[in-house]
Protein chains: 2
Amino acid sequence: MEILKQNQLKITPQRLAVMKYLDENRTHPTADRIYTDLKEKNPSLSKTTVYNSLDTLQNHNIIQSITISPSELRYDFKKSMHHHFLCKRCGDIIDIELECPNIKKTIDQGHKVEEVHGYFKGICKKCMEKQEK
Amino acid sequence: MEILKQNQLKITPQRLAVMKYLDENRTHPTADRIYTDLKEKNPSLSKTTVYNSLDTLQNHNIIQSITISPSELRYDFKKSMHHHFLCKRCGDIIDIELECPNIKKTIDQGHKVEEVHGYFKGICKKCMEKQEK
DNA sequence: TGTTAAATTGTAATGAGTATAAATTGGAAA
DNA sequence: TTTCCAATTTATACTCATTACAATTTAACA
Ligand SMILES: [Mn+2]
Ligand SMILES: [Mn+2]
Ligand SMILES: [Zn+2]
Ligand SMILES: [Zn+2]
């Protein structure tokens, strides 16, 4: 944990808490969800600090934000490249483990690609099965 | 033009103006950009109407909104499936014409896919060339 | 031409994210 | 250890894209 902090970042309990939360909750939570949940154990926590921590971690490529939801950013521990699926019924955001074979074509066009986001939207497997009772 | 309106939608000058704008400006504009530009020729236009029209057109699959920019929705005439590239330097959003070969895998996992969004971010070709003066 | 449901308009409200400045603190130097 | 200061946290105010609402207007049909 602290090991990650050897990105020249100060080790603060707030940052550790945010990282721990994202590590244990792979649900792509919003900043507000993280804030609300962490606030319970640490009532002095400020929402600004959550935003600041998320920003800092993102700038150091430790986490990433995804824009699959139109109204708010979702946060994700940065692991191997993967895509996301948003269920329009239950709201869950599911990891889709696959590489994108299209990056090459984009690079071939002369653009410098720094980020790749693959978003699918529809009805998730669980909701589909529930429907067929 | 009016032909498209045979989606059971009333033909209003406001809706026609929004459609015409998106047809002539393939720059993935924001709602506010559309509003500001159309307001010049039609000063009585309301911003709410722009939002309403965009919503309605999207619900009828005539246009689509893309979430490549974290702070605001961008709108796009719905043509063949394509991906998008956002230049972090000049802000341009460029069409990347390619299919996504990954949809199948997602469907295979049991999810019902209704939308596919492919977003790349980085530095566009034009900005790269400018850099190398 | 008259009628009415649907669309437009203006205004107020919402809410995610940002700006700011004062108070606190991690961690290096003494 | 103690001191010290730049970095961080906190509380609060603010921005601004989008939505809610209610009154007014209008497209389309008889
Ligand atoms: Mn993920
Ligand atoms: Mn496009
Ligand atoms: Zn679901
Ligand atoms: Zn560019």
Side-chain angles (χ1 to χ4, degrees), chain A residues 1-21 28-60 62-75 91 93, chain B residues 1-21 28-60 62-75 91 93:
Chain A
M1 210 53 113
E2 289 88 356
I3 312 172
L4 287 171
K5 291 310 171 57
Q6 293 0 285
N7 280 73
Q8 338 275 16
L9 292 174
K10 277 195 184 177
I11 297 166
T12 70
Q14 292 86 348
R15 281 174 185 169
L16 285 174
V18 168
M19 290 180 71
K20 186 158 179 284
Y21 186 92
H28 314 95
T30 64
D32 194 70
R33 165 96 270 127
I34 299 169
Y35 166 71
T36 306
D37 287 353
L38 292 181
K39 182 101 177 166
E40 285 185 16
K41 297 276 179 168
N42 176 6
S44 78
L45 181 66
S46 165
K47 191 177 280 191
T48 307
T49 298
V50 173
Y51 278 105
N52 286 343
S53 298
L54 291 170
D55 266 9
T56 302
L57 293 171
Q58 179 165 233
N59 291 337
H60 286 75
I62 299 166
I63 66 172
Q64 73 177 145
S65 62
I66 59 183
T67 58
I68 196 171
S69 165
S71 60
E72 69 218 338
L73 288 177
R74 302 291 188 137
Y75 290 91
I93 297 176
Chain B
M1 212 53 112
E2 290 88 355
I3 314 171
L4 286 172
K5 289 310 171 54
Q6 292 2 283
N7 280 74
Q8 337 275 15
L9 291 174
K10 276 196 185 175
I11 297 166
T12 70
Q14 293 84 348
R15 282 175 184 168
L16 285 174
V18 168
M19 289 180 71
K20 186 158 180 284
Y21 187 93
H28 314 95
T30 64
D32 194 69
R33 166 96 268 127
I34 298 170
Y35 167 71
T36 305
D37 287 352
L38 292 181
K39 182 100 177 167
E40 285 184 16
K41 296 276 179 169
N42 175 7
S44 78
L45 181 66
S46 166
K47 191 178 280 192
T48 306
T49 299
V50 174
Y51 277 104
N52 286 343
S53 300
L54 291 170
D55 265 10
T56 303
L57 294 171
Q58 178 166 24
N59 291 336
H60 286 74
I62 298 164
I63 65 172
Q64 71 177 146
S65 62
I66 59 184
T67 58
I68 196 171
S69 166
S71 59
E72 70 218 338
L73 287 177
R74 301 293 187 135
Y75 290 91
I93 296 176

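Just so it is clear, the values below take in all heavy atoms, side chains as well, and ignore hydrogens, waters and symmetry mates. To find a chain, count down the sequence lines: A is the first, B the second, and so on, and within it residues start at 1.
- Legend: residues meeting side-chain contact (heavy atoms from CB on, under 4.5 Å) with B:Y21, ordered by chain and number and at least two apart, are B:N25, B:P29, B:R33, B:I34, B:D37, B:L38.
- Residue B:T56 holds its OG1 atom at 9.0 Å from CD1 of B:I63, rounded to the nearest 0.5 Å.
- With sequence neighbours excluded, the residues satisfying side chain to side chain donor-acceptor pair (under 3.5 Å) with B:D32 are B:K47.
- In the 5' to 3' direction, nucleotides of DNA chain C lying under 4.0 Å from heavy atoms of chain A begin and end at C:dA16 to C:dG27.
- Rounded to whole Å, atom P of D:dT18 lies 14 Å from atom OH of B:Y35.
- Considering only residues two or more places apart in sequence or on other chains, A:K39 meets the side-chain contact (heavy atoms from CB on, under 4.5 Å) condition with A:Y35.
- With sequence neighbours excluded, no residue forms a salt bridge (Lys or Arg N to Asp or Glu O under 4.0 Å) with A:D55.
- Counting non-hydrogen atoms under 4.0 angstrom, A:N52 reaches a base of the nucleic acid.
- For B:S65, the side chain to side chain donor-acceptor pair (under 3.5 Å) partners two or more places apart in sequence, or in a different chain, are B:Q58.
- Shown for residues 38-50 of chain A: residues whose heavy atoms fall under 4.0 angstrom of DNA chain D, namely A:S44, A:L45, A:S46, A:T48, A:T49.
- From one end of the helix from C:dT1-D:dA30 to C:dA30-D:dT1 to the other, with five pairs defining each end axis, the axis direction shifts by 30° (rounded to 10°).
- Remark: A:S69 engages A:S71, A:E72, A:R74 in a side-chain contact (heavy atoms from CB on, under 4.5 Å) (not counting sequence neighbours).
- Across all strands shown, A:S71 has heavy atoms under 4.0 Å from sugar-phosphate atoms exclusively, and none from any base.
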Item checked: Annotated protein contacts, base or backbone, on nucleotides 25-30 of chain D with a non-hydrogen cut-off under 4.0 Å, one of B, S, - each -> --BS--
